[in-house]
Novice: 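The structure's right below; bear with me while I get my questions together.
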Amino acid sequence: MANLVKRFDSLVTGKGDVINIPNLSNLTASDKSASTQVTLQSPTESNTTISINKHKESSFLIEDILKVQSNYELMSEYTSKAGESIARQIDTDLLGEYTNFTNTDVGTYGSDITDAVILAAMEAIDLANAPLEDRYFVIYPTQKTALARIDKFVKADYLGQYQNPTVVKTGVPSRYMWGDIYGVPVYYTKQVPLTAGTPTQTHNILFHKEALALALQLAPRTQSQYILEYLSNLTVIDTIYGVKTIRTDFGIEVRS
């Protein structure tokens with residue numbers, strides 16, 4: 001998710017725990033008559049505040065006896081796991097912003113996403129004037145399976161591409177990209193929010209990059225020290241950041 005949203009890292013590289021992002025209004029075109037002044041526009045702007053209020057860490061101890069007796073490079077393996085946990089947390093926080101979207105939700109809880117639901121979501125984003133570029137569709141893994149069952153997305157005779165019989169394409173640098181539908185890259189992750197109930201509510205999202213913001217003040221860093229009292233190596237990975245919905249109409253919840 002961090003690579004799919006608007007980034008404001010450069011504004012928080014120094015000090016501070018709050019940044020203000022201007023909300024720019026759209027301008028209109030006016031007629032221009034000969035020998036007359038242009039029609040001046042004076043939009044009144046407001047700010048969106050992003051609080052840098054999330055300090056997350058993932059840490060572990062490796063005791064000497066385990067390090068001595070293990071054939072594996074435990075420090076490297078666990079450091080990788082800790083880094084992944086930090087990335088998942090950032091994904092979780094960004095995906096949780098779906099509750100701030102004001103565009104009309106589509107789909108039905110407990111039912112798989114259909115072609116009609118996808119088209120309704122795309123139409124809603126179109127009507128919000130979101131650019132086609134930088135749109136993304138993020139779904140729960142079960143919905144990847146559901147979409148793969150829709151013939152028009154996977155069968156060669158529907159696609160007219162016998163040499164390339166699936167919609168899965170290469171291009172976006174992410175191992176979690178599944179493919180693209182109607183020109184929009186589709187990603188899947190278990191960090192898509194779920195709400196327990198009957199049925200379980202799955203909160204997939206279709207959004208434009210301008211909908212969500214991430215300000216990473218401290219990129220994930222790794223620190224390690226030997227603790228004599230425990231005869232162990234302590235390793236900590238931490239990061240500081242803030243997330244915010246900045247264009248509420250540029251995102252839509254796709255229910256399943």
Side-chain angles (χ1 to χ4, degrees), residues 1-8 21 48 50 54 87-148 150 153 167-169 171-197 199-216 241-256:
M1 283 295 294
N3 294 325
L4 308 182
V5 302
K6 187 81 170 177
R7 298 291 291 268
F8 293 97
I21 308 300
T48 294
I50 302 178
K54 298 183 184 295
R88 286 195 300 270
Q89 184 58 56
I90 294 175
D91 281 355
T92 297
D93 290 331
L94 283 168
L95 288 164
E97 289 290 304
Y98 81 91
T99 57
N100 297 316
F101 292 160
T102 56
N103 215 321
T104 304
D105 304 328
V106 299
T108 304
Y109 292 136
S111 298
D112 287 334
I113 296 171
T114 64
D115 184 32
V117 168
I118 295 172
L119 289 172
M122 300 245 181
E123 181 180 271
I125 296 295
D126 289 341
L127 291 173
N129 283 329
L132 179 60
E133 298 78 10
D134 297 323
R135 293 184 185 184
Y136 303 104
F137 192 19
V138 182
I139 59 177
Y140 197 75
T142 57
Q143 295 310 294
K144 176 170 73 78
T145 304
L147 293 177
I150 300 176
F153 294 148
V167 296
V168 180
K169 298 178 181 177
V172 179
S174 171
R175 59 180 171 170
Y176 296 109
M177 181 186 174
W178 175 63
D180 66 68
I181 293 178
Y182 301 126
V184 176
V186 181
Y187 293 82
Y188 66 95
T189 172
K190 285 187 67 176
Q191 307 320 120
V192 167
L194 302 177
T195 301
T200 298
Q201 300 176 4
T202 305
H203 311 287
N204 315 281
I205 60 172
L206 173 68
F207 66 100
H208 185 270
K209 181 178 182 177
E210 299 285 342
L212 300 171
L214 169 65
L216 194 65
Y241 61 94
V243 301
K244 185 77 172 185
T245 304
I246 54 177
R247 284 295 303 266
T248 60
D249 59 338
F250 272 24
I252 183 168
E253 179 192 350
V254 182
R255 298 175 171 180
S256 66

Novice: Using 30° and 60° as the class limits, which term best fits the ring planes of Tyr136 and Phe207: parallel, tilted or perpendicular?
Specialist: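 The arrangement is tilted - the two ring planes meet at 30° to 60°.
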Novice: Between Arg247 and Ala128, which heavy-atom pair has the shortest distance, and what is it?
Specialist: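 Of all heavy-atom pairs spanning Arg247 and Ala128, the closest is NH2-O, 4.4 Å.
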Novice: Please give me the minimum heavy-atom distance between Ala211 and Gly251, naming the atom from each residue.
Specialist: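 Reported closest heavy-atom pair: CB-N, 4.2 Å.
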Novice: Between Thr92 and Arg88 (side chain of the first, backbone of the second, donor and acceptor by atom type, cut-off under 3.5 Å), is there such a pair?
Specialist: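 Here the side-chain-to-backbone pair exists.
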Novice: Looking only at non-hydrogen atoms, find the nearest pair between Arg7 and Leu216 and report the distance.
Specialist: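 Closest approach of Arg7 to Leu216, heavy atoms only: NH2-CD2, 3.7 Å.
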Novice: Please check if atom NZ in Lys6 has more than 12 non-hydrogen atoms from other residues, nucleotides or ligands closer than 6.0 Å.
Specialist: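 Not buried by this count: 12 neighbours or fewer within 6.0 Å.
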Novice: Got a second to check how far Ile252's CD1 is from Asn103's CG, nearest 0.5 Å?
Specialist: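 Result: 4.5 Å between the selected atoms.
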Novice: In Å and rounded to the nearest 0.5 Å, what is the NZ to CG distance from Lys244 to Asn100?
Specialist: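 Between atom NZ of Lys244 and atom CG of Asn100 there are 7.0 Å.
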Novice: Kindly compute the distance separating CD1 (Ile125) from CG (Leu132), expressed to the nearest 0.5 Å.
Specialist: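 Between Ile125 CD1 and Leu132 CG, I get 11.5 Å after rounding to 0.5 Å.
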Novice: At what distance, to the nearest 0.5 angstrom, does CD of Gln201 lie from OG1 of Thr108?
Specialist: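 These two atoms lie 11.5 Å from each other.
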Novice: His203 and ring-ring contact (aromatic ring centres under 6.0 Å, His included): which single residue from Tyr140, Tyr98, Phe101 fits?
Specialist: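 Result: among Tyr140, Tyr98, Phe101, Tyr98 is the only option passing the ring-ring contact (aromatic ring centres under 6.0 Å, His included) with His203.
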Novice: Locate the shortest heavy-atom distance separating Ala2 from Ile90; write the atom from each residue and the value.
Specialist: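 Between these two residues, the closest heavy atoms are CB-CG2, 4.4 Å.
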Novice: Would you check if Arg255 and Thr202 make a side-chain contact, meaning some heavy-atom pair closer than 4.5 Å?
Specialist: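 With C-beta onward as the side chain, the pair stays apart.
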Novice: Below 4.0 angstrom, N of the basic side chain to O of the carboxylate: do Arg135 and Asp126 qualify?
Specialist: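 Looking at Asp126 together with Arg135, the answer is yes, because their closest N to O distance falls below 4.0 Å.
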Novice: Is a side-chain donor-acceptor pair under 3.5 Å present for Thr102 with Asp249?
Specialist: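 Not at all, the side chains of Asp249 and Thr102 share no donor-acceptor pair under 3.5 Å.
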Novice: Do Ile118 and Tyr182 come close enough that some side-chain heavy atom pair is under 4.5 Å?
Specialist: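 Contact flag for Ile118/Tyr182 side chains = yes.
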Novice: With a 3.5 Å cut-off and no angle check, do the side chains of Asp93 and Tyr241 form a donor-acceptor pair?
Specialist: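 Yes.
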Novice: With a 4.5 Å cut-off on side-chain heavy atoms, are Ile50 and Ile21 touching?
Specialist: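 Answer yes - side chains close enough.
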Novice: Is there a donor-acceptor contact under 3.5 Å linking the side chains of Asp112 and Gln143?
Specialist: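 A pair is found: one side chain offers a donor N or O, the other an acceptor, under 3.5 Å apart.
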Novice: side-chain contact (heavy atoms from CB on, under 4.5 Å) with Glu97: which of Val5, Leu212, Thr248, Ile246?
Specialist: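 The passing option is Leu212.
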Novice: By the definition side-chain contact (heavy atoms from CB on, under 4.5 Å), identify the one residue from Leu206, Leu94, Leu95, Asp91 that meets it with Val138.
Specialist: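 When side-chain contact (heavy atoms from CB on, under 4.5 Å) is applied between Val138 and each of Leu206, Leu94, Leu95, Asp91, only Leu95 qualifies.
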Novice: Does some side-chain heavy atom of Leu147 sit less than 4.5 Å from a side-chain heavy atom of Tyr188?
Specialist: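 Tyr188 does not reach Leu147 side chain to side chain.
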Novice: With a 4.5 Å heavy-atom cut-off, do Ser111 and Tyr109 have their side chains touching?
Specialist: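 They are not in side-chain contact.
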Novice: Could you measure the distance from the CZ atom of Phe8 to the OG1 atom of Thr48? Nearest 0.5 Å is fine.
Specialist: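 One finds 9.0 Å between CZ of Phe8 and OG1 of Thr48.
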Novice: Within this structure, what is the CD1-CG distance for the pair Ile113 and Asn204, rounded to the nearest 0.5 Å?
Specialist: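 Answer for the CD1-CG pair, Ile113 versus Asn204, is 4.0 Å.
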